[in-house]
Amino acid sequence: QEASGLLDLALFRSAPLALKQKIYRGGSWFTRSLAVEPDALAGNHLLDEIGRRLEPVDRPTLHFLHLMGSHPPALVRADCVPEAREWTRATAVDQAECVLRGVTTFLDRLRAAGLYGTASIFVVADHGAGFSHRRASGAPDGDAAASLAGSANPLLLLKGPGDSGPLRLSDAP
């Protein structure tokens, strides 16, 4: 994936102006789109693979995954079908819905393996970066409020060991 990204950048930089859009492909890039699946699908496939290999253990474990599926460019629809589109709030929401499908499938696999009840689960999000109110009103792309919104890393989901029942909303700090 990284090698194809470097190749795309080299092609883009050396290509004549008439070919640059064909190499960029609205953010999906030429070589990446040929061989590499979008980050949203790669993250979902990783969660699926981990979910298939779950086994009970007799000691505490911690697994930290930093998945990039909700980040630009917009390459996946809400139904997880690849489609390069302009990065807007609507396409970001669509892509995030695809990513959350992978997360919920993983949580279902934890339940099926009998590990959900004793697990501590934290799902953290940096959603909101790039979609500040100031930018929507015409502020420049380097808007500090957008960066702060993404840096806040709001907690999207917290489940402690032994917690059960439906998820609850809370505005507690």
Side-chain angles (χ1 to χ4, degrees), residues 1-54 63-110 121-157 167:
Q1 184 175 4
E2 296 299 322
S4 66
L6 290 173
L7 182 57
D8 278 327
L9 289 174
L11 284 171
F12 185 80
R13 181 158 189 214
S14 62
L17 185 59
L19 294 177
K20 289 192 184 292
Q21 288 298 335
K22 292 190 182 300
I23 294 168
Y24 180 62
R25 289 189 172 188
S28 65
W29 294 96
F30 177 69
T31 61
R32 281 195 67 170
S33 64
L34 296 177
V36 179
E37 68 184 341
D39 287 336
L41 297 180
N44 285 1
H45 289 148
L46 175 64
L47 287 172
D48 193 48
E49 184 64 24
I50 292 170
R52 277 199 299 271
R53 296 173 184 237
L54 289 171
H63 303 275
F64 177 85
L65 303 173
H66 183 206
L67 305 177
M68 301 295 291
S70 60
H71 292 252
L75 299 175
V76 180
R77 297 186 329 214
D79 58 2
C80 296
V81 172
E83 179 182 308
R85 299 178 291 163
E86 180 183 352
W87 186 251
T88 64
R89 185 183 237 356
T91 59
V93 168
D94 279 354
Q95 191 154 297
E97 285 183 24
C98 171
V99 170
L100 288 173
R101 284 177 195 267
V103 172
T104 56
T105 298
F106 178 72
L107 295 177
D108 289 342
R109 290 187 185 264
L110 279 174
I121 301 169
F122 302 88
V123 177
V124 189
D126 64 348
H127 53 77
F131 295 114
S132 73
H133 296 294
R134 288 189 38 165
R135 181 175 291 169
S137 65
D141 283 348
D143 181 14
S147 296
L148 288 174
S151 298
N153 285 331
L155 190 61
L156 185 60
L157 174 76
L167 297 175

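Bear in mind the structure is a predicted one, so any value in this text is a computation, not a measurement.
- Here Ile23 contributes atom CD1 and Arg13 contributes atom CZ; the two are 13.5 Å apart, rounded to the nearest 0.5 Å.
- When all heavy atoms of Ser70 and Val99 are compared, the pair lying nearest together is N-CG2, 3.8 Å.
- The shortest side-chain heavy-atom distance between Leu46 and Leu67 falls under the 4.5 Å cut-off.
- In this structure, the side chains of Leu75 and Pro82 stay at 4.5 Å or more apart for every pair of heavy atoms.
- Expressed to the nearest 0.5 Å, how far CG of Leu47 lies from OG1 of Thr105 amounts to 8.5 Å.
- Residues Thr31 and Leu11 meet the side-chain proximity criterion, which asks for heavy atoms closer than 4.5 Å.
- For the atom pair Arg25 CZ and Phe30 CZ, the distance stands at 5.5 Å (nearest 0.5 Å).
- For Lys20, the side-chain contact (heavy atoms from CB on, under 4.5 Å) partners two or more places apart in sequence, or in a different chain, are Phe12, Leu17.
- The structure places CZ of Arg89 at 12.5 Å from CG of Asp94, a figure rounded to the nearest 0.5 Å.
- Here Phe106 contributes atom CZ and Leu100 contributes atom CG; the two are 14.0 Å apart, rounded to the nearest 0.5 Å.
- Between Arg85 and Arg77 there is a side-chain heavy-atom pair separated by less than 4.5 Å.
- The two residues Cys80 and Leu41 have their closest heavy-atom pair at O-CD2, 3.4 Å.
- Counting all heavy atoms, side chain and backbone alike, Ala40 lies closest to Gln95 at CB-CG, 4.1 Å.
- Residue pairs satisfying the side-chain hydrogen bond (donor to acceptor under 3.5 Å, both in side chains) criterion with at least one member in residues 41-52, sequence neighbours excluded, are listed as follows: Glu37-His45, Asp48-Arg52, Asp48-Arg109, Glu49-Arg52, Glu49-Arg53.
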